[in-house]
Amino acid sequence: QVQLVESGGGLVQAGGSLRLSCAARRRTFSSYVVGWFRQAPGKERDFVAAISWSSGSTTNADSVKGRFTISRDNAKNTVYLQMNSLKPEDTAVYYCAATSGTYIYTDLRRYDYWGQGTQVTVSS
């Protein structure tokens with residue numbers, strides 16, 4: 001069973017940048033797809049981006065294309081979400097999630113393991 005530890009959230013002004021990290025504990029990400037989801041107050045948890053660890057293939061939600069980039073660091077067993085040109089509507093708790101295999105799902109029900117979440121707040 002893989003344990004996920006997120007970090008990197010915070011408060012930033014609109015137009016600014018943040019980088020979130022998701023580190024794996026107990027196991028490596030080598031046979032997993034790792035995704036980022038976010039949940040704003042009173043709203044559902046939505047897909048943001050995901051990466052297949054084995055192939056490096058990525059998928060982004062339309063709302064973040066051109067602004068967010070997901071990547072991985074094999075040596076650190078960590079997935080990153082680089083967020084640029086942040087907007088107030090990006091404010092949410094961001095969760096890292098993982099599922100075994102190579103297919104990238106955007107449905108959160110497909111993910112078995114979840115981190116504790118990290119708050120991102122973008123001020124206008």
Side-chain angles (χ1 to χ4, degrees):
Q1 180 173 342
V2 63
Q3 182 180 14
L4 307 178
V5 180
E6 301 130 330
S7 60
L11 173 64
V12 64
Q13 289 188 333
S17 299
L18 282 174
R19 188 179 76 163
L20 305 182
S21 300
C22 175
R25 299 287 185 262
R26 299 181 182 173
R27 297 192 66 174
T28 67
F29 278 140
S30 60
S31 59
Y32 287 85
V33 168
V34 181
W36 286 97
F37 292 79
R38 65 185 181 186
Q39 188 167 20
K43 296 189 176 181
E44 296 183 346
R45 191 171 299 188
D46 292 330
F47 173 80
V48 176
I51 185 168
S52 172
W53 190 270
S54 59
S55 68
S57 298
T58 63
T59 299
N60 285 3
D62 288 343
S63 59
V64 305
K65 282 181 180 177
R67 300 189 299 123
F68 292 11
T69 301
I70 189 170
S71 63
R72 71 191 193 289
D73 185 324
N74 289 355
K76 295 184 178 180
N77 205 30
T78 299
V79 170
Y80 300 102
L81 184 68
Q82 178 66 44
M83 305 185 295
N84 299 329
S85 302
L86 283 160
K87 306 175 182 179
E89 50 263 43
D90 294 318
T91 295
V93 177
Y94 283 70
Y95 295 90
C96 175
T99 184
S100 60
T102 59
Y103 187 81
I104 296 178
Y105 295 102
T106 60
D107 186 345
L108 60 88
R109 294 170 294 181
R110 292 286 190 172
Y111 289 79
D112 302 308
Y113 307 103
W114 291 83
Q116 79 284 358
T118 185
Q119 177 70 47
V120 172
T121 303
V122 185
S123 62
S124 57

Engineer: How would you list all residue pairs meeting ring pair (Phe, Tyr, Trp, His ring centres under 6.0 Å) that involve residues 96-123, not counting sequence neighbours?
Structural biologist: Phe37-Tyr111, Phe37-Trp114, Tyr103-Tyr105
Engineer: Not counting sequence neighbours, list each pair that qualifies as a ring pair (Phe, Tyr, Trp, His ring centres under 6.0 Å) and has a residue in residues 51-97.
Structural biologist: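 Sorted result for residues 51-97: Phe29-Trp53.
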Engineer: At what distance, to the nearest 0.5 angstrom, does OG1 of Thr58 lie from CZ of Arg72?
Structural biologist: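 Between Thr58 OG1 and Arg72 CZ, I get 10.0 Å after rounding to 0.5 Å.
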Engineer: Would one find more than 12 heavy atoms of other residues, nucleotides or ligands at under 6.0 Å from atom CD of Gln116?
Structural biologist: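 Yes, CD of Gln116 has more than 12 neighbouring heavy atoms, counting only those of other groups under 6.0 Å.
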Engineer: Side-chain contact, heavy-atom cut-off 4.5 Å: Val5 with Arg25?
Structural biologist: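 Val5 reaches Arg25 side chain to side chain.
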Engineer: Assess whether a salt bridge exists between Asp62 and Lys65, defined as any Lys/Arg side-chain N lying under 4.0 Å from an Asp/Glu carboxylate O.
Structural biologist: yes
Engineer: In terms of hydrophobic clustering (I, L, V, M, F, W, Y; side-chain heavy atoms under 4.5 Å; direct or indirect links), are Leu81 and Val12 co-clustered?
Structural biologist: yes
Engineer: Give a yes or no on whether the backbone of Arg19 and the side-chain of Gln82 come within a donor-acceptor separation of less than 3.5 Å.
Structural biologist: no
Engineer: Going from OG on Ser123 to CD on Gln13, what distance comes out if it is rounded to the nearest 0.5 angstrom?
Structural biologist: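 The OG atom of Ser123 sits 5.0 Å away from the CD atom of Gln13.
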Engineer: Nearest heavy-atom pair of Gly9 and Val120: which atoms, and what distance?
Structural biologist: CA-CG2, 4.2 Å
Engineer: Taking the side chain from Thr59 and the backbone from Ala49, do they hold a donor-acceptor pair closer than 3.5 Å?
Structural biologist: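 Checked: no pair found.
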Engineer: Between Thr102 and Ser54, what is the shortest heavy-atom contact and its length?
Structural biologist: CG2-OG, 3.5 Å
Engineer: Yes or no on side-chain hydrogen bond (donor to acceptor under 3.5 Å, both in side chains) for Thr78 and Asp73, after CA distance, side-chain angles and deciding distance?
Structural biologist: CA-CA 5 Å; Thr78 299; Asp73 185 324; over 6 Å; no
Engineer: Would you check if Thr118 and Val93 make a side-chain contact, meaning some heavy-atom pair closer than 4.5 Å?
Structural biologist: no
Engineer: To the nearest 0.5 Å, tell me how far Ser124 OG sits from Lys87 NZ.
Structural biologist: 14.0 Å
Engineer: Could I get the full list of side chain to side chain donor-acceptor pair (under 3.5 Å) partners for Thr28, not counting sequence neighbours?
Structural biologist: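 Result, side chain to side chain donor-acceptor pair (under 3.5 Å) vs Thr28: Ser30.
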Engineer: Taking Ile104 as the starting point, is it possible to reach Val2 by hopping between hydrophobic residues whose side chains are less than 4.5 Å apart?
Structural biologist: no
Engineer: Measuring only between side-chain heavy atoms, which start at C-beta, is Ser63 closer than 4.5 Å to Arg38?
Structural biologist: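 Counting from C-beta outward, Ser63 and Arg38 do come under 4.5 Å.
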Engineer: Considering residues, nucleotides and ligands other than Arg110, do more than 12 of their heavy atoms fall under 6.0 Å from its CZ?
Structural biologist: no
Engineer: Count the heavy atoms of every other residue, nucleotide or ligand shown that sit under 6.0 Å from CZ of Arg27, and state whether that count exceeds 12.
Structural biologist: no
Engineer: Please say yes or no: joined through hydrophobic side-chain contacts below 4.5 Å, possibly via intermediate residues, are Ile51 and Leu18 part of one cluster?
Structural biologist: yes
Engineer: Applying the side-chain contact (heavy atoms from CB on, under 4.5 Å) test to Val79, which of Ile70, Leu20, Leu4 qualifies?
Structural biologist: Ile70
Engineer: Determine whether Asp90 and Arg67 satisfy the following criterion, side chain to side chain contact (heavy atoms under 4.5 Å, CB included), listing intermediate values before the conclusion.
Structural biologist: CA-CA 11 Å; Asp90 294 318; Arg67 300 189 299 123; 2.7 Å; yes
Engineer: Should Val64 and Met83 count as side-chain neighbours, where that means a heavy-atom distance under 4.5 Å?
Structural biologist: no
Engineer: Look up atom CG in Asp46 and atom CG in Leu108, then write down how far apart they are to the nearest 0.5 Å.
Structural biologist: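 If we round to the nearest 0.5 Å, Asp46:CG and Leu108:CG are 8.5 Å apart.
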Engineer: Check whether any side-chain N or O of Gln3 sits under 3.5 Å from a backbone N or O of Ala24 as a donor-acceptor pair, and report yes or no.
Structural biologist: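 Side chain of Gln3 to backbone of Ala24: no pair is present.
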Engineer: If I compare all heavy atoms of Ala40 with all of Thr91, which pair ends up nearest, and what's the gap?
Structural biologist: CB-O, 3.7 Å
